[in-house]
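Structure first, commentary second.
Everything quoted here is computed from the prediction, not taken from an experiment.
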Amino acid sequence: MTEPNSEKIELAFRLARERYAELGENVDQAIQQLLSISISVHCWQGDDVRGFENSGQSLGGGLAVSGNYPGKARSADELRQDLEKVYSLVPGRHRLNLHAMYGELRGKKVDRDEIDIEHFENWISWAQANGLGLDFNPTFFSHPRADDGFTLSHVDSSIRQFWIEHGIRCRKIGAAMGAALGSPCITNFWTPDGFKDTPVDRKAPRERLLASLDEIFRVPHPSEFNLDSLESKLFGIGSESYTTGSHEFYLGYAITRQKMLCLDSGHFHPTESIADKISSVLQFVPRLLLHVSRGVRWDSDHVVTWTDDLQSIAQELVRGGFLDRTSIGLDYFDASINRIAAWVIGIRSLQKALLCALLEPTPHLRQTEQLGDFTARLAIQEEVKSLPFGAIWDHVCDSRNVPTGSALLDTLKSYDADILQRR
């Protein structure tokens, strides 16, 4: 792989821009729109979903991370160091998606129902210094009170109350983050609750989950500080037969309570695309949160790559005019490769898909469809695939001092040798 110099990149860009202009596409406008999209980068890729609590609890909740590549972050400072490197290798200004288990407890024993904003002050200060927004997630897994697979829908009221208090505190923390940073924090709720084998009573756990959520959301927070979101899942390890928080459950809850709904691209049937759900869901809920992942035969959270499924999601957001009502985050973890590279590859793949969608001649395609000229629609869709998109992407990166080609890989390898391999 070779690295073209800036002069060659700009020459290729000018020619590509002319080609897109022939189809009526404003490349400069598409680039500016791309750079206005902030992707919420998931913190848990950097340390294999371990967090910084003192409990020593093993990873639970049906989650599994494979691989043992050297250099995972062992502290919040190391994780922030890695994230700073990641942000330097992608164009645009983005966000960080933080789980509650990543609080800095300063050596004290602080349980999940006791966490407070003070345990995340360093994260807020770091986000302010780096011009980042923060999103937040209660952590309903990897805890002794979640070992049997139930939290907010647990039959034991004391365990339910423990997790209700955790959720209440997380919303307060999210609101404080949003107020401090001047950008609403999305506090996203996902629970692993479910049965491994076929249950007799499917109703009661969902009734308990409903009541628990209503209690958590009882006190409102200003939307300019905190936005509540709910995330479903088809199944998990240990909950293959039944998940309390199914898609239908959370869809109904989000609609009736007017909350954000989170669609995770790995949380449905392997052949089921979330792209087709976007235009339906946004008829009924105020906003949508996407967790972009890549499942291979199951919700295996592989590094996001520029696949047809990813492109379909990006196209639907652009074609439907949904970008202003949709927040986009990543959710995967791979410890078999360089973790910083995994982050960077996933973010850049998502950005490429978005840019490609923004460069599509959507008004022309929509017109041919409305006229019933499906032949022209198909022909244009196929023709667009061979346009010189890569030259546009290289320009986006080069004009913002972000490496492309071999320079990107060289940078990743240098950080690997200088930092990761020495931990």
Discussion item. Does the structure place the NZ or CZ of R257 under 6.0 Å from the centre of the six-membered ring of Y253, at an angle of no more than 45° from the ring's axis?
Written reply: yes

Discussion item. Both conditions, 6.0 Å and 45 degrees, for the charged tip of K352 above the ring of F389: are they met here?
Written reply: no

Is there a donor-acceptor contact under 3.5 Å from the side chain of [X] to the main chain of [Y]?
{"X": "T326", "Y": "F322", "value": "yes"}
{"X": "Q311", "Y": "A353", "value": "yes"}
{"X": "E240", "Y": "I237", "value": "no"}

Distance check, rounded to the nearest 0.5 Å: [X] atom [atom1] versus [Y] atom [atom2]?
{"X": "L358", "Y": "L317", "atom1": "CG", "atom2": "CG", "answer": "9.5 Å"}
{"X": "L35", "Y": "H94", "atom1": "CG", "atom2": "NE2", "answer": "8.0 Å"}
{"X": "L209", "Y": "H154", "atom1": "CG", "atom2": "NE2", "answer": "13.5 Å"}
{"X": "F333", "Y": "R339", "atom1": "CZ", "atom2": "CZ", "answer": "12.5 Å"}
{"X": "Q381", "Y": "F374", "atom1": "CD", "atom2": "CZ", "answer": "11.0 Å"}
{"X": "S414", "Y": "L409", "atom1": "OG", "atom2": "CG", "answer": "11.0 Å"}

Carboxylate-amine/guanidinium proximity below 4.0 Å for [X] and [Y]:
{"X": "K385", "Y": "E382", "result": "yes"}
{"X": "E104", "Y": "R80", "result": "yes"}
{"X": "D113", "Y": "R169", "result": "no"}
{"X": "D410", "Y": "K413", "result": "no"}
{"X": "R423", "Y": "D82", "result": "yes"}
{"X": "D135", "Y": "R95", "result": "yes"}
{"X": "E316", "Y": "R319", "result": "no"}
{"X": "R145", "Y": "D111", "result": "no"}

Taking the six-membered ring for Trp, are the ring centroids of [X] and [Y] within less than 6.0 Å of each other?
{"X": "F136", "Y": "F120", "value": "yes"}
{"X": "F140", "Y": "H166", "value": "yes"}
{"X": "H99", "Y": "F141", "value": "yes"}
{"X": "W163", "Y": "H143", "value": "yes"}

To check you understand the geometry: which heavy-atom pair defines the closest contact between [X] and [Y], and what is its length?
{"X": "W343", "Y": "Y332", "result": "O-OH, 3.3 Å"}
{"X": "L359", "Y": "E25", "result": "O-CG, 3.2 Å"}
{"X": "T244", "Y": "F150", "result": "OG1-CE2, 4.0 Å"}

With a 3.5 Å cut-off and no angle check, do the side chains of [X] and [Y] form a donor-acceptor pair?
{"X": "S273", "Y": "D309", "result": "no"}
{"X": "N226", "Y": "D228", "result": "yes"}
{"X": "N338", "Y": "Y415", "result": "no"}
{"X": "D334", "Y": "Q45", "result": "no"}
{"X": "W190", "Y": "D264", "result": "no"}

Item to complete: Under the ring pair (Phe, Tyr, Trp, His ring centres under 6.0 Å) rule, collect the residues that match up with W123, sequence neighbours excluded.
Response: W126

Worksheet item: Within a reach of under 6.0 Å around CG of N68, are more than 12 heavy atoms found that belong to other residues, nucleotides or ligands?
Response: no

Worksheet item: Quick one: which of D308, I274, V318, L263 gives a side chain to side chain contact (heavy atoms under 4.5 Å, CB included) with I313?
Response: I274

Worksheet item: Looking at side-chain heavy atoms only, is the closest gap between V292 and I328 below 4.5 Å?
Response: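 In short, these two side chains touch, coming nearer than 4.5 Å.
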
Worksheet entry | Partner set under salt bridge (charged side-chain N to carboxylate O under 4.0 Å, His left out) for K277, not counting sequence neighbours |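 With neighbours one apart ignored, the set is E272.
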
